[in-house]
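Residue numbering restarts at 1 for every chain, and letters A, B, ... go by the order of the sequence lines.
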There are 4 protein chains.
Amino acid sequence: MPKDTFINLPIEKQEKVMRSAINEFIKNGFEKANVGNIANIAGIAKGSIYQYFENKKELFLYSVKWSIDLLLNKFGKNLVLHDKEMDIFDFFYHTSKNSMEQIREEREITIFIQDVFLGKYDNLTNESMSYITNISEEYLLNIINVGKENGSVRKDIDDHLLILFITGVSFKIKEYLMNKARNQGEDIIDEDYEQYEKEINALIELLKHGMGGK
Amino acid sequence: MPKDTFINLPIEKQEKVMRSAINEFIKNGFEKANVGNIANIAGIAKGSIYQYFENKKELFLYSVKWSIDLLLNKFGKNLVLHDKEMDIFDFFYHTSKNSMEQIREEREITIFIQDVFLGKYDNLTNESMSYITNISEEYLLNIINVGKENGSVRKDIDDHLLILFITGVSFKIKEYLMNKARNQGEDIIDEDYEQYEKEINALIELLKHGMGGK
Amino acid sequence: MPKDTFINLPIEKQEKVMRSAINEFIKNGFEKANVGNIANIAGIAKGSIYQYFENKKELFLYSVKWSIDLLLNKFGKNLVLHDKEMDIFDFFYHTSKNSMEQIREEREITIFIQDVFLGKYDNLTNESMSYITNISEEYLLNIINVGKENGSVRKDIDDHLLILFITGVSFKIKEYLMNKARNQGEDIIDEDYEQYEKEINALIELLKHGMGGK
Amino acid sequence: MPKDTFINLPIEKQEKVMRSAINEFIKNGFEKANVGNIANIAGIAKGSIYQYFENKKELFLYSVKWSIDLLLNKFGKNLVLHDKEMDIFDFFYHTSKNSMEQIREEREITIFIQDVFLGKYDNLTNESMSYITNISEEYLLNIINVGKENGSVRKDIDDHLLILFITGVSFKIKEYLMNKARNQGEDIIDEDYEQYEKEINALIELLKHGMGGK
DNA sequence: GATGAATGAGGCTTCATTCAT
DNA sequence: GATGAATGAAGCCTCATTCAT
């Protein structure tokens, strides 16, 4: 969706532009994001942005795509459930740790994408992004089915609702991690991580056995 | 927070202004929300808005407060856990039904408030709204403690994480209902409600016993 | 076509705006005409222009209408052929003198309208202005028919071609006068007018009897 | 006026560039004419335009010159009055037919040049083009004098006014033909031409004997 | 207090021209 | 000499806020 001019740029320069845009978007939202700022921080001329993208909206949309691609490339390999016999809660544990890494290494981008998924920028993404939701639903569906087959997931509940349940909880986990990330800036120390791990394990326990007494 | 001029207005006129503002905000977001539109639809002059509120931001902030107050007045009584012996999952069931009613009767306002809580409008609400989160956390904390005392909630999990767990799931439920509301417009029929009720019960079952197999 | 805000303005202010716009358009053409300049010279804020008109194009289009209306009001009475027995060449003589007056008293506006008719601004006026051409053609048609009836115009030539002939010559006359006006600025002296009158009479003679020898 | 780089180009390439420029100018006028478009359609790089011409204005000015030269080369031979005894109205007839051919064979360029003469592009051509008017005035002057000498033109009217009269009418004829050309596109059929010829003869008759009755 | 016109800062976008390859 | 990406000035338009009635 960007013009060839952008595609032909050296990858590093593309990256600089995208990161600058993403930063501006998470700081100011779409409307107040300033194309001039984006250009300045990327170290290019304002006009150049328009040689790369049709307009601000396209720049935004591509920022989303670029972010998702980057996250998938960098962290996506861990998201595949290889072992059909694996307890899916173990799997959740691994993906959660993966999230932590993601946040540690790509704070801005992870925040940006979470915002997109949370529905800030609604008006912009709704049309073009619904397919993303579909992808992630299918992905979860697959995991649930594996779980149902190998007995780690109860079979009496509709898949659809299980997805709701899982995404609800995992979103909350991510949000929780994210808020810490937003506020703390870069300096998340190891001690924090130990704490997080405990909490994640507790939440997975809740996912598994619920919060009911006795 | 609005000026006295606004407070002195007949309640119906105040309401007209607030609903007009809320509608504009959910349709266009804060930046693109148009003060002129708000005034027109409220049936007043643009200048009057500035006799009532310092500026657009204050109008927004008061829209949030006004919405919360309205929802609490209209639906809040049901949110209080009167009976210390009540199973808190029964309580969840009742509050969920409450949500459904809320959505049916005050679609715009419920959507608006959900958007606020979801973090669209971040930059605007963060400071002033953190107290709201606190309120609702305390509210949940109280329920959890009641549950722990009467045995309907397990005791080995940190309150804090239980809150995360509950809000994650219940948010997802609301979001789910809300999306239907957003798309369907007014016409939610009884048949739909039966369906919703089943789903809510299933989700509460998950909250209670988890999704683990066996 | 302007907004009510403009219509409600005191006539003098409207006039100031229109004359400022017209001046800018004849000086710089449509594309290079600067809305800021127009506002400055009219003594109003740039934004006000947009309270009066949807955009620059509408401002232009209304400038045309306003100019035509003004010219018709101020000079149009003389353009009506009252006496059916009048020799139409006498009538041409009178309208030519009328033109001279027009140019003397409303230089800018006359120049502007001539430019419009000459087809500068084509892209802007074509659609909306074709009706004007029609009006003036019908007007001439009427005069020609009167002439044919009372014998002052030969009957063996198609009306359509007579119109071409007349407009060709009269346009050239106007253009000739206009160029002088453009270059001389305000100071056309009486002596010039005597000269013009002679020339006009000679051209009317040509219209009447042609340039053929013997 | 173009740089040597352009002059050294193969004629066909020069022609491609010029025709592309001319097309853009008649389509969009000078201000909105897009140098990038011109380059694209000419099949060269945008930067190359600036190796050939100092700037857009020079490109425009040379387009005018190139067009006039082309028309003179291709159709100009017929414009010379060889036979001193020729009736100048016969001569007009021939030049009119010549115009028709010109329009048929070089529509764009003829339209472009007519626009230039009509005064669109005023600000650009005024200085540099006044010499062209002079040329064509002298050219007409010569014809008129021949006519006065051989008796085909009356002698009691000032040369200057005769020029006005002739150019007025002949411009109108050309404009008339041109408008048909603009609207019809390429497909002017022979039947049309017969019609045109009749009309031209009638107009020449008017030039000769005028439109006066009796 | 209500009105709605006036204001002007601010931002996106265009595109002629320059520049590096 | 050719290319096409980079540049940045310039201008239209929006709209929150102010002001005069």
Is it possible for you to check whether A/Lys57 lies under 6.0 Å from the centre of the six-membered ring of A/Phe30, through NZ or CZ, and within 45° of that ring's axis?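 The answer is no, since A/Lys57 fails at least one limit relative to A/Phe30.
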On the nucleotide [N], are OP1 or OP2 found under 4.0 Å from the side-chain N or O atoms that [X] carries?
X       : N      : answer
C/Asn34 : F/dG11 : yes
A/Ser48 : F/dT7  : yes
B/Lys56 : F/dA16 : yes
D/Tyr52 : F/dA2  : yes
B/Tyr50 : F/dT17 : yes
D/Gln51 : F/dG1  : no

Tell me: [atom1] of [X] to [atom2] of [N], nearest whole Å?
X       : N      : atom1 : atom2 : result
A/Ile44 : F/dG8  : CD1   : C1'   : 13 Å
C/Lys3  : E/dA6  : NZ    : P     : 12 Å
B/Lys16 : E/dA2  : NZ    : P     : 14 Å
C/Ile49 : F/dC15 : CD1   : P     : 18 Å
B/Leu59 : F/dC15 : CG    : C1'   : 15 Å
A/Phe53 : F/dA5  : CZ    : C1'   : 15 Å
B/Phe30 : F/dC15 : CZ    : C1'   : 12 Å
A/Glu31 : E/dG10 : CD    : P     : 18 Å

Closer than 3.5 angstrom, by distance alone: can the side chain of B/Gln14 be matched with the main-chain N or O of B/Leu9 as a donor-acceptor pair?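 Confirmed, B/Gln14 side chain pairs with B/Leu9 backbone.
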Let's test this: given Watson-Crick or G-U wobble pairing with both distances under 3.5 Å, identify the partner of F/dT21.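 Check on F/dT21: paired to E/dA2, both distances under 3.5 Å.
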Paired nucleotide for F/dC13 [Watson-Crick or G-U wobble; both distances under 3.5 Å]: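 Check on F/dC13: paired to E/dG10, both distances under 3.5 Å.
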Heavy-atom check, side chain of [X] versus side chain of [Y], under 4.5 Å:
X       : Y       : answer
A/Tyr62 : A/Tyr52 : no
D/Asn55 : D/Glu58 : yes
D/Asn23 : D/Ile41 : no

Does atom NZ of A/Lys3 have more than 12 heavy-atom neighbours, drawn from other residues, nucleotides or ligands, at distances under 6.0 Å?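 Above 12, so yes.
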When the nearest nucleotide of DNA chain F is assigned to D/Gly43 and to B/Glu54 on a heavy-atom basis, which residue is associated with the more 5' position?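 It is D/Gly43, whose closest nucleotide lies nearer the 5' terminus.
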Would you mind telling me which residue lines up with the more 5' stretch of DNA chain F, C/Gly36 or B/Asn55, judged by nearest nucleotide?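 Between the two, 5'-proximity favours C/Gly36.
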Under 4.0 Å between any heavy atoms, over every strand shown, what does C/Ala33 touch: base, sugar-phosphate, or nothing? Just pick one.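 The residue C/Ala33 makes sugar-phosphate contact but no base contact.
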Identify, residue by residue, the members of residues 4-15 of chain A with a heavy atom below 4.0 Å from DNA chain F, and return them in order of residue number, or none.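 Nucleic-acid contacts, sorted: A/Thr5, A/Leu9, A/Lys13.
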Stepwise salt bridge (charged side-chain N to carboxylate O under 4.0 Å, His left out) test for A/Glu106 and A/Arg19: CA-CA 10 Å; A/Glu106 291 291 359; A/Arg19 288 189 187 275; 2.9 Å; yes
Nearest-nucleotide 5' precedence on DNA chain E, A/Gly47 against C/Gly47: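 It is C/Gly47 whose nearest nucleotide is closer to the 5' end.
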Relative to each other, are the rings of D/Phe112 and D/Tyr121 parallel, tilted or perpendicular (30° and 60° limits)?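 Correct class here is perpendicular.
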